[in-house]
Amino acid sequence: MKTALLQITSSDDPAENLDRARAMMAEAAEQGARLILTPEVTNCVSTSTTRQREVLQHEEDDQSLAGLRDKAAALGVWLLIGSLAIKTHDADGRFANRSFMIDPQGQIVARYDKIHMFDVQVTETETFRESKNYRPGDKAVIADTDFGKVGMTVCYDVRFPALYAALAQAGARILTVPAAFSPVTGAAHWESLLRARAIETNCWVLAPAQTGEHPKTRGKTRYTYGHSMVVAPWGEVVIDAGTDPGIHIFDLHDSSVSEARRRVPSLTHVRRFDGP
C-alpha cells in the first residue's frame, strides 16, 4: 500500500497550516497514496501560551480537524493526523496533544492523547515543560484499519519502550510516532530510538515530523529536527526525509512484519519476572 509522510514547517496560524496540509494531501493522493500521515501539532507550532489560547479550539469546534476530515473523505484516503493541539474542558485549562486516525469516509476511527510529557532541559538555554500547558493522556490506543492494527503514539513517547511493547502484544503491526523533535535530541537520539522500537516489536514505525525554523511567535523562534522516518520491521531505515518540507512516499508491506516475526519471534518469548 502506498503511504505518504508529510514533513511540514507549521506556523502559529491554524488556517494557514490547514491550507498547506490539505494541498500536500492532494498531491500525495495524486501520487497514489492511500494512507497519509502528518506530524505532531500539525495545526499550530507556537512558543506563546497566549497565542495558543487565542487560536486553539475544542475538538468539537476545531476547524483544522474538520477540514482535514473533509479532505480525507474527498480524496478517499486514510489519514493519520499526527496530532492537533486542542483545548480541553479541564478546570486547569491545559490543552491536549491529540492524534487522530481518520478513515476514507472522513470518520474518526481512533483518537489518542500523548501520554508522556516533554519536561526536559536540553541545554543550558533550551528548556521544555510540556506538562505546564498540556495534560497527559492515560490510555494506550490501537486503531483498527483495513490495512491492519495501528498503535498510536506521539513524539516523546518514543523513549518509553513499554508502551510500544504493549501495543505490539495487543496486535499492532504498525506504530506511528509523529513528532516535533528538538534538533539537539533529534541529532543524538531520533534514529536510534525509532530503530529500536521497530526491532523490539517487529513493527513498521512511521514517524512524520515537523522541520526547520518556525515563524516567530511573540518574537521567539522554535526549531524542529525534521528527518521524518520510516523504519521497517527488521530495523532498516526505508526513508530519512532530511530537513526540507515535502512529501515522502513508500510501499508499506504487511508481509515484512510476518517475516521479521518469523525470524526473531521475540514477542512470543516475553516472560514475567520478579523485581530486583
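Treat the numbers as computed from the prediction; the structure is a model and nothing was measured. Only this structure's heavy atoms are used, side chains among them; waters, hydrogens and symmetry mates stay out.
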Asn43 and Asp62: CA distance, side-chain angles, deciding distance, side-chain contact (heavy atoms from CB on, under 4.5 Å) verdict: CA-CA 10 Å; Asn43 61 330; Asp62 192 83; 4.3 Å; yes
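- Inter-residue side-chain proximity for Pro233 and Ser256 is flagged as met; some heavy-atom pair is nearer than 4.5 Å.
- One finds the CD atom of Gln210 at 10.5 Å from the CG atom of Leu6 (value rounded to the nearest 0.5 Å).
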From CA spacing to verdict: side-chain contact (heavy atoms from CB on, under 4.5 Å), Asp103, Thr145: CA-CA 8 Å; Asp103 72 14; Thr145 74; over 6 Å; no
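- Atom CG in Leu206 sits 11.0 Å away from atom OG in Ser228 (nearest 0.5 Å).
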Show every donor-acceptor pair shorter than 3.5 Å between a side-chain atom in residues 65-80 and any protein atom, with sequence neighbours excluded, or say none if there are none.
residue : atom : partner : partner atom : Å
Arg69   : NE   : Gly106  : O            : 2.7
Arg69   : NH2  : Gly106  : O            : 3.2
Trp78   : NE1  : Asp146  : OD1          : 3.1
Trp78   : NE1  : Asp146  : OD2          : 3.4

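- Taken from CZ in Phe250 to CH2 in Trp204, the straight-line distance is 6.0 Å, to the nearest 0.5 Å.
- Residues Trp190 and Gly226 come closest through the heavy atom pair NE1-O, 4.0 Å.
- Heavy-atom contacts from other residues, nucleotides or ligands closer than 6.0 Å to NZ of Lys87 number more than 12.
- In this structure Arg20 satisfies the side chain to side chain contact (heavy atoms under 4.5 Å, CB included) test together with Ile8, Glu16, Asn17, Met24, sequence neighbours excluded.
- Evaluation of the salt bridge (charged side-chain N to carboxylate O under 4.0 Å, His left out) rule for Arg135 yields Asp90, Asp113 as partners, not counting sequence neighbours.
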Derivation and outcome, side-chain contact (heavy atoms from CB on, under 4.5 Å), residues Arg111 and Glu59: CA-CA 11 Å; Arg111 51 174 62 77; Glu59 180 180 322; 2.6 Å; yes
Side-chain donor-acceptor pairs of residues 262-276 under 3.5 Å, sequence neighbours excluded:
residue : atom : partner : partner atom : Å
Arg262  : NE   : Glu259  : OE1          : 3.2
Arg262  : NH2  : Glu259  : OE2          : 2.8
Thr268  : OG1  : Pro265  : O            : 2.7

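- Judged as a side chain to side chain donor-acceptor pair (under 3.5 Å), the pairs with a partner in residues 154-177 (not counting sequence neighbours) are, in order, Tyr112-Asp157, His116-Asp157, Thr153-Tyr164, Arg159-His189, Arg173-Asp254, Arg173-Ser258.
- Using a distance-only test at 3.5 Å, with no hydrogens or angles considered, no donor-acceptor pair links the side chain of Lys114 to the main chain of Gly137.
- With sequence neighbours left out, the side chain to side chain contact (heavy atoms under 4.5 Å, CB included) criterion links Ser192 to no other residue.
- No side-chain heavy atom of Gln57 sits less than 4.5 Å from a side-chain heavy atom of Ile86.
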Derivation of the side-chain contact (heavy atoms from CB on, under 4.5 Å) call for Gln31 and Lys2: CA-CA 9 Å; Gln31 297 181 47; Lys2 284 197 178 298; over 6 Å; no
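- Between Asn97 and Val154 the shortest side-chain heavy-atom distance falls below 4.5 Å.
- For Asp92, the salt bridge (charged side-chain N to carboxylate O under 4.0 Å, His left out) partners two or more places apart in sequence, or in a different chain, are Arg94.
- Legend: residues meeting side chain to side chain donor-acceptor pair (under 3.5 Å) with Gln52, ordered by chain and number and at least two apart, are Tyr134.
- Here the OG-CE distance, from Ser99 to Met152, works out to 3.5 Å after rounding to the nearest 0.5 Å.
- Within the 4.5 Å cutoff, the side chain of Ile115 has no heavy atoms near those of the Pro136 side chain.
- Of the inter-residue distances, the one linking Arg261 atom CZ with Cys203 atom SG reads 4.5 Å to the nearest 0.5 angstrom.
- Considering only heavy atoms from C-beta on, Ile102 stays 4.5 Å or farther from Gln107 through its side chain.
- Here the CG atom belonging to Asp61 is positioned 12.5 Å from the CG atom belonging to Leu56, to the nearest 0.5 angstrom.
- With a 4.5 Å cut-off on side-chain heavy atoms, Leu37 and Pro178 do not count as touching.
- Residues passing the salt bridge (charged side-chain N to carboxylate O under 4.0 Å, His left out) test with Glu200 are Arg197, sequence neighbours excluded.
- Across all their heavy atoms, Leu84 and Ser64 have their closest contact at CD2-CB, 4.3 Å.
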Check: residues 236-247 side-chain donor-acceptor pairs under 3.5 Å, at least two apart:
residue : atom : partner : partner atom : Å
Asp240  : OD1  : His227  : ND1          : 2.7
Asp240  : OD1  : Gly242  : N            : 3.1
Asp240  : OD2  : His227  : ND1          : 3.4

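- At distances below 3.5 Å, not a single donor-acceptor pair connects side-chain atoms of Asp12 with backbone N or O atoms of Pro215.
- A search for side chain to side chain contact (heavy atoms under 4.5 Å, CB included) contacts involving Ala33 returns Ala4, Ala28, Ile36, not counting sequence neighbours.
- For Thr127, the side chain to side chain contact (heavy atoms under 4.5 Å, CB included) test picks out Gln121, Arg129, with sequence neighbours left out.
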